Amino acid sequence: MAVTGENLNLFYEKGSRLIIITAIAGVTILAAALVTMALDPIQLLINYNTRVTNNSFMFNMFQKEVDGAHLSLYVFNVTNAQEFMTGEDHSLNVQEVGPFTYAEIRQNIDIDLDEEAGELEFTPNMKLRFVPEQSVARPEDVIVTVPNLALLSVASLVSSLPFFIRNTFKLLFSTLNCKSITTIDVYSFLWGYSDPLISQAYNIVPGIVYFDKFGIMDRLYDNKTIYRMRVGIRDEDRFSIKTLKKYMKSDNWMNERALESYKYKNTYEGAAYPPGLNVETPINIYRLGVCRELNLEFHGTKNMEYGGDAWIYRISNETFNRDCGAGVCGMMDLSSCTYGIPITMSRTHFLDTDPKIYERIKGINPDPSKHDSHFLLEPNIGISLSTSLSLQMNMNLADLRFSDKTEMFSDLVLPVAYIKVVQQDVFDTLNGILRTIHVTAPITLISIEVTMFLIAVAILAYSGLLLYRRSKCKAKKKAYAKLNLRQNLPLIQCQLKKT
């Protein structure tokens with residue numbers, strides 16, 4: 001197109017506007033691509049969709065009754081009761097009997113959501129349902145020979161009391177004809193049985209003996225107790241336990257003073273965690289009834305079928321060694337939350353524990369493939385994919401020589417039973433979502449980012465080309481003005497764009 005001195009300015013101004021527009025568009029698209037790369041929009045979407053707010057998906061799920069983990073219980077059956085009690089055998093021979101499997105059914109009730117404070121308070125309501133197809137038999141149909149835990153519990157509680165009280169109980173043991181080792185059905189052993197000794201002890205020293213029956217699961221799932229839990233709901237502390245309060249069940253329990261109150265940090269119930277975890281994030285696990293946290297250690301990754309890596313955690317050795325000063329090294333002391341009964345938790349079959357602890361127990365066969373615990377976590381969403389938690393309940397008995405009924409158990413770490421908690425499979429439910437997060441979404445996002453980058457480069461290159469031609473046109477304009485050519489002279493050709 002031919003340009004005269006009069007209309008050259010018009011082309012010049014239009015070219016300048018086009019250069020500015022294309023440059024701004026190119027820079028904007030390039031910046032958007034870079035911001036997208038830096039912010040990780042997939043994780044932002046995960047955080048948004050897993051938020052805990054009123055009527056959100058997570059909040060609605062939190063209120064539903066769910067069939068959670070399955071608990072398999074194994075009881076240690078004594079096979080040399082008479083020989084042990086007569087002193088013929090110095091060691092107690094045991095053989096595990098089980099599993100007896102129960103499904104944990106949970107519903108959170110009395111929920112109080114405080115979005116401003118970033119906290120959620122609730123009461124976990126737990127029920128257990130027997131699963132016969134995963135059990136060796138019904139527990140009421142299986143008879144086992146086991147130490148008399150009622151006798152040993154009472155003896156342990158009074159063993160440090162004054163001489164005259166110990167003698168009173170020694171006489172009581174004989175009067176009631178208490179047996180140190182007894183036969184009982186597994187159901188009563190697990191869920192508690194009435195014993196004349198406990199009733200008498202409760203009446204004699206009610207400030208020492210707080211219970212009127214004894215059972216393993218009855219101690220862990222105490223139906224006379226209500227727990228009130230407060231957790232965080234923000235991205236950085238979602239489902240992290242802040243406080244736990246323990247109340248005695250009554251019609252007006254919420255207006256009463258808590259029996260016990262605990263504060264926790266970096267502690268979770270083991271099902272959900274904050275989204276976007278990193279390996280430096282400290283993780284402790286808490287289970288109702290156990291009352292002590294289990295510290296977890298990162299042990300690498302596992303490539304999953306959905307295309308991403310899950311993180312493997314195991315219980316740290318520190319968990320079982322922090323009570324060494326109290327004489328229970330290799331075990332967790334639970335006496336503070338079992339009314340003073342010297343109950344301890346260890347790895348199953350004393351795995352990774354000093355053999356001296358169980359040198360008087362025969363039949364202990366620790367096997368990592370059977371008895372170790374592991375936790376498989378998906379870090380982006382912050383959920384547990386798989387859990388296998390195995391813990392053994394023991395009694396850490398003191399000097400019980402004040403009575404001939406209990407002297408053979410003196411200074412013995414007595415294995416009672418062990419529990420294996422297995423989380424139900426979540427892969428069928430989440431496999432599609434996880435594949436989207438780890439495969440489909442990243443590929444789509446990279447494609448979008450590359451496309452945006454190429455478009456931005458192309459637009460900026462075009463803007464640069466326009467700028468180059470503008471500079472040439474500017475030079476022609478200067479030459480035209482300098483020569484002061486008349487209107488009827490040959491025209492100077494100046495094209496800002498190719499025609």
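Please read all numbers here as calculations on a predicted model, not as lab measurements. Residues: numbered from 1 along the sequence shown.
Across every non-hydrogen atom of Val158 and Arg166, the tightest pair is O-CG, 3.4 Å. Nearest heavy-atom pair across Tyr358 and Pro366 is OH-CG, 4.1 Å. Nearest heavy atoms, Ala81 versus Thr145: CB-CG2, 4.1 Å. Across all their heavy atoms, Arg238 and Ile233 have their closest contact at NE-O, 3.4 Å. Minimum heavy-atom separation, Asn321 to Gly330: OD1-N, 3.3 Å. Between Asn177 and Lys405 the shortest heavy-atom distance is OD1-NZ, 4.0 Å.
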| message | Let's go through Thr267 and Ile285 carefully: what are the C-alpha distance in whole Å and the side-chain angles of both, what is the deciding distance for side chain to side chain contact (heavy atoms under 4.5 Å, CB included) to 0.1 Å, and is it a yes or a no? | response | CA-CA 6 Å; Thr267 301; Ile285 297 296; over 6 Å; no

| query | Could you go step by step and tell me if Asp399 and Arg401 meet the salt bridge (charged side-chain N to carboxylate O under 4.0 Å, His left out) rule? | reply | CA-CA 6 Å; Asp399 185 351; Arg401 287 175 293 181; 2.8 Å; yes

| Evaluation steps, side chain to side chain donor-acceptor pair (under 3.5 Å), between Asp309 and Asn303 | CA-CA 4 Å; Asp309 287 338; Asn303 187 258; 3.2 Å; yes

| request: Could you walk me through whether Asp89 and Ser91 pass the side chain to side chain donor-acceptor pair (under 3.5 Å) test, one step at a time? | output: CA-CA 5 Å; Asp89 287 350; Ser91 299; over 6 Å; no

| said: With salt bridge (charged side-chain N to carboxylate O under 4.0 Å, His left out) as the criterion, how do Arg138 and Glu140 come out once you've worked through the C-alpha distance, each side chain's angles and the decisive distance to 0.1 Å? | reply: CA-CA 6 Å; Arg138 298 195 69 84; Glu140 50 265 52; 3.6 Å; yes

| task | Might you work through the ring pair (Phe, Tyr, Trp, His ring centres under 6.0 Å) test for Phe239 and Tyr268, ending with a clear yes or no? | result | CA-CA 6 Å; Phe239 299 116; Tyr268 308 86; 8.7 Å; no

| task | Run the numbers on Thr101 and Ser72 for side chain to side chain donor-acceptor pair (under 3.5 Å), then give the verdict. | result | CA-CA 4 Å; Thr101 303; Ser72 296; 3.0 Å; yes

| said: Working note: Val75 + Val146, criterion side chain to side chain contact (heavy atoms under 4.5 Å, CB included); need CA distance, chi angles, decisive distance, verdict. | reply: CA-CA 9 Å; Val75 176; Val146 292; 4.0 Å; yes

| request: Test side chain to side chain contact (heavy atoms under 4.5 Å, CB included) on Val186 and Ile143 and set out the steps. | output: CA-CA 6 Å; Val186 172; Ile143 304 298; over 6 Å; no

| task | Kindly determine whether Ser386 and Gln423 satisfy side chain to side chain donor-acceptor pair (under 3.5 Å), including the steps that lead there. | result | CA-CA 6 Å; Ser386 173; Gln423 175 185 314; over 6 Å; no

| task | Could you walk me through whether Asp114 and Leu120 pass side chain to side chain contact (heavy atoms under 4.5 Å, CB included), step by step? | result | CA-CA 6 Å; Asp114 188 341; Leu120 178 67; over 6 Å; no

| request: Tell me, with the steps shown, if Lys127 and Glu65 meet salt bridge (charged side-chain N to carboxylate O under 4.0 Å, His left out). | output: CA-CA 10 Å; Lys127 295 183 292 185; Glu65 184 177 87; 3.5 Å; yes

| request: In sequence, state the C-alpha distance, the side-chain angles, and the governing distance for Glu293 and Arg287, and then conclude on salt bridge (charged side-chain N to carboxylate O under 4.0 Å, His left out). | output: CA-CA 8 Å; Glu293 312 103 292; Arg287 277 193 64 81; over 6 Å; no

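The existence of a salt bridge linking Arg51 and Asp235 is excluded, since no basic side-chain nitrogen approaches an acidic carboxylate oxygen closer than 4.0 Å. Note on Glu115 versus Arg234: no salt bridge recorded, every NZ/NE/NH1/NH2 to OD/OE distance being 4.0 Å or above. Salt bridge status for Asp112 with Arg228: absent, with no side-chain N to carboxylate O gap under 4.0 Å.
For the 3.5 Å distance criterion, the side chains of His70 and Glu104 fail to qualify, holding no donor opposite an acceptor. Side-chain N/O atoms of Thr344 and Asn396 include no donor and acceptor closer than 3.5 Å. Using modelled atom types, one finds no donor on one side chain facing an acceptor on the other under 3.5 Å when comparing Ser153 with Ser156. At a cut-off of 3.5 Å, with distance as the only test, no side-chain donor of Glu297 or Ser316 sits close to an acceptor on the other residue. A donor-acceptor pair shorter than 3.5 Å can be found between the side chains of Glu96 and His349. Using a 3.5 Å distance cut-off with no hydrogens or angles, the side chains of Asn295 and Asn284 do pair a donor with an acceptor.
You'll find the side chain of Met395 reaches within 4.5 Å of the side chain of Val416, heavy atoms only. Residues Ile105 and Met126 have side chains not in contact (no heavy-atom distance under 4.5 Å, counting atoms from C-beta outward). Within the 4.5 Å cutoff, the side chain of Val78 has heavy atoms near those of the Pro147 side chain. Proximity of Leu190 to Leu73: side-chain heavy atoms (C-beta onward) are separated by under 4.5 Å at one or more points. Contact annotation: the side chain of Ile109 never approaches that of Phe122 to less than 4.5 Å [non-hydrogen atoms, C-beta and beyond].
Residues passing the ring-ring contact (aromatic ring centres under 6.0 Å, His included) test with Phe130 are Tyr102, sequence neighbours excluded. Residues passing the side-chain contact (heavy atoms from CB on, under 4.5 Å) test with Thr86 are Gln82, Glu88, sequence neighbours excluded. Considering only residues two or more places apart in sequence or on other chains, Pro162 meets the side-chain contact (heavy atoms from CB on, under 4.5 Å) condition with Phe164, Ile165. Considering only residues two or more places apart in sequence or on other chains, Lys265 meets the side-chain contact (heavy atoms from CB on, under 4.5 Å) condition with none of them.
A donor-acceptor pair under 3.5 Å is formed between the side chain of Glu378 and the backbone N or O of Asn380.
Shown here is Tyr187, whose OH atom has no more than 12 heavy atoms of other residues, nucleotides or ligands within 6.0 Å. Within a 6.0 Å sphere centred on NZ of Lys242, heavy atoms belonging to other residues, nucleotides or ligands number more than 12. Annotation: Glu133, atom CD; neighbour count of heavy atoms from other residues, nucleotides and ligands within 6.0 Å is above 12.
Aromatic ring centres of Tyr286 and Tyr264 lie closer together than 6.0 Å. Taking the six-membered ring for Trp and the full ring otherwise, Phe402 and Phe163 have centroids separated by 6.0 Å or more. In this structure, Phe350 has its ring center at least 6.0 angstrom away from the ring center of Phe320.
Among pairs with a residue in residues 375-399, none fulfils ring-ring contact (aromatic ring centres under 6.0 Å, His included), at least two apart in sequence or across chains. Within the structure, salt bridge (Lys or Arg N to Asp or Glu O under 4.0 Å) pairs that include any residue of residues 337-350 do not occur (at least two apart or interchain).
None of Val413, Asn394, Leu412 except one satisfies the side chain to side chain contact (heavy atoms under 4.5 Å, CB included) rule with Ile357; the exception is Val413.
Using cut-offs of 30° and 60° on the angle between ring planes, the pair Tyr418 and Tyr74 is parallel.
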